[in-house]
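Everything on this sheet refers to the single structure shown next.
Just so you know, these numbers use all the heavy atoms, side chains as well, and skip hydrogens, waters and symmetry mates.
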Amino acid sequence: MHYPRMHLDRLGWPLSGWLLMSLACAHGNQLGLTSDSGPEISVRRFRVQEHAVPALPTFWNAVSELDVASAKARASTMSERFFADALRSLANGDVASSEVLFHSLLEDSDPLVRGRARIGLTVSLDAQGKWQTLASLPPEIRTAGDTVGNLVDRASVDAWAGVLRDIPPVTLDAPTRPDIEPVLGSSIGTPIIKVYINGHERYFWLDTGATMSLISSEVAAECNVEPLTTDTLAIAAADGRIAARPAIANSIRIGMITVRNLPVALLDPRALRLDSRQAYGHLVTVKLDGVIGSDVLRRLSVVLDMGGGTISLAQPSAHASGKRSLVWMGFPVVRLLTRDGKPVLFGVDTGADSTIVTDAWMAKTPDPEVLPTTARVDALGAVHATNLPVLRNVTVGDGEYVLRLRGVPVVKERRQTFVTLDGVLGADVLSHATLRMDIANGQFSIRAPGRASVEKDTALVRVRH
């Protein structure tokens, strides 16, 4: 789940950028951001029209905002124009075209174009499950301003692609009509669903912020999920790397949905747990069977109604209409609007216990009111950051409905690949709103919950008065 402390352009596997946050929550070494009661959240109908914003000053500013039109206008070289076209294809869900265009820029003379095209190509190939192509790419070349070396670490997508290159393709069977299944809430609000791993019933967290699905090695052994290799790779977490073994789940069933040949990461049970919470002064440890990540969820149309206690899953429509607002960047990124119609970019991370905003939000919102309180961030059982400012009010929506949040922590600017995020919608939103997410068609919406909001208990970040 939560909030890494550095800008991160490279793609780590299975988590990158903000995705580091998701695992940190899932295995309990959480980088949390909630007050004792969590931000106060409400949802209501409030129509907002997007307002034109001043042209961004540079090509890369426009790219970081996913403003393809501005990027195209600001492009000063042919390679920048090609990059803008590749970004447009990626934003429109045409990953095959984006693959071709990004690939054409791998040997460009401009190191920024070359490095970020490599990242875009990785996202495109990952979305298509083209492990063999990924594995055949030359090692990532890092240059000043974009990277810190030229070696591929054990948590990178490249390292995992080398192991997964010969696996059979992932297949997914899903009904065209929504299959409605019950959903529970974890102690920090993350959705929990019943799954069948090779026919064995288990309960997994549902985490849009995890690029790859995770399984406890104990659960994997009980469910006949065997590692693909004796080698140990790694996955990126908030404060370092965690050992993981690549494996294939032959069959994962969720209600009427069946996924076959899904690559998964096997983790030591001691890593896949939530053990940072305290009740009455005592440490509470909750073991997790596993995590269903966006490798499954991005193939479906998902409606999460935690208030109604249900999740709806279906095939994405082949004839979806409407403006695209959700982009797959190795992590779901949604284009939302502020109260006055300014476009902002938020990550969608159901594994994060709290919604946050970043310094980028502060720069776009005039006169934000900061409370006379501070927030603290805990990571890996230690204090990670202190004296974080807390905003009194944050209002953001999809143009039809808005979320109104009070008491929202502000963290340093963060980047998902080459995109700068203004914030992240966490699991706390699910207790107060119904979210629809269809990555294949770029659709995202916020609506009122099915019935009274569910209770959520969080205590990993404290707001001090």
Side-chain angles (χ1 to χ4, degrees), residues 1-8 15-26 30-43 188-190 207-210 238-239 276 331-336 338-339 344-365 368-371 373-379 383-397 402-416 419-433 435 446 456 458-464:
M1 178 176 75
H2 292 344
Y3 316 108
R5 61 175 174 241
M6 73 289 281
H7 290 274
L8 191 59
L15 310 174
S16 65
W18 290 96
L19 282 70
L20 303 182
M21 302 183 289
S22 299
L23 180 63
C25 170
Q30 181 170 358
L31 188 58
L33 269 175
T34 57
S35 67
D36 290 333
S37 58
E40 179 186 330
I41 302 173
S42 63
V43 60
I188 67 165
T190 301
D207 185 356
T208 58
D239 267 25
S276 296
F331 176 77
V333 176
V334 62
R335 188 180 183 89
L336 298 174
T338 63
R339 184 185 180 93
V344 288
L345 296 177
F346 270 63
V348 184
D349 190 350
T350 60
D353 63 328
S354 179
T355 296
I356 56 87
V357 294
T358 71
D359 287 345
W361 169 275
M362 301 287 281
K364 292 179 181 177
T365 306
E369 185 178 1
V370 178
L371 292 173
T373 61
T374 58
R376 155 184 127 184
V377 182
D378 294 330
V383 175
H384 180 73
T386 59
N387 299 319
L388 293 172
V390 178
L391 292 187
R392 182 179 296 278
N393 293 300
V394 169
T395 301
V396 66
V402 295
L403 291 164
R404 300 182 66 182
L405 304 97
R406 296 173 63 86
V408 181
V410 184
V411 302
K412 296 291 185 182
E413 180 184 307
R414 296 294 185 265
R415 185 178 295 169
Q416 166 61 28
V419 177
T420 299
L421 296 179
D422 299 291
V424 171
L425 298 180
D428 52 351
V429 167
L430 300 177
S431 296
H432 305 274
L435 298 187
I446 300 166
K456 182 170 80 72
T458 61
L460 287 172
V461 171
R462 297 165 178 80
V463 174
R464 299 188 301 278

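What you find for Gly397 and Ile446 is that their closest heavy atoms are CA-CD1, 4.2 Å. Between Val396 and Phe346 the shortest heavy-atom distance is CG2-CE1, 4.2 Å. Minimum heavy-atom separation, Leu391 to Pro368: CD2-CB, 3.9 Å. Across every non-hydrogen atom of Lys364 and Val344, the tightest pair is CD-CG1, 4.0 Å. Nearest heavy atom pair, residue Met362 against residue Val410, reads CG-CG1, 3.9 Å. Residue Thr355 comes nearest to Val408 through the heavy atom pair O-CG1, 3.7 Å, listed as atom of the first residue, atom of the second, then distance.
Taken from CD1 in Ile356 to CG in Leu405, the straight-line distance is 11.0 Å, to the nearest 0.5 Å.
Residues Phe331 and Thr208 form no side-chain contact, since every pair of their non-hydrogen atoms from C-beta on lies 4.5 Å or further apart. Residues Thr420 and Leu345 fail the side-chain proximity criterion, which asks for heavy atoms closer than 4.5 Å. The shortest distance between side-chain heavy atoms of Val357 and Thr365 does not fall below 4.5 Å.
No donor-acceptor pair under 3.5 Å is formed between the side chain of Asp359 and the backbone N or O of Lys412. When atom types are taken as modelled, the side chain of Thr358 and the backbone of Val411 share no donor-acceptor pair closer than 3.5 angstrom.
Considering only residues two or more places apart in sequence or on other chains, Ser42 meets the side-chain contact (heavy atoms from CB on, under 4.5 Å) condition with Arg404. Partners of Asn393 by side chain to side chain donor-acceptor pair (under 3.5 Å), not counting sequence neighbours, listed by chain and number: Arg406.
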Trace of the side chain to side chain contact (heavy atoms under 4.5 Å, CB included) decision for Leu425 with Leu336: CA-CA 11 Å; Leu425 298 180; Leu336 298 174; 4.1 Å; yes
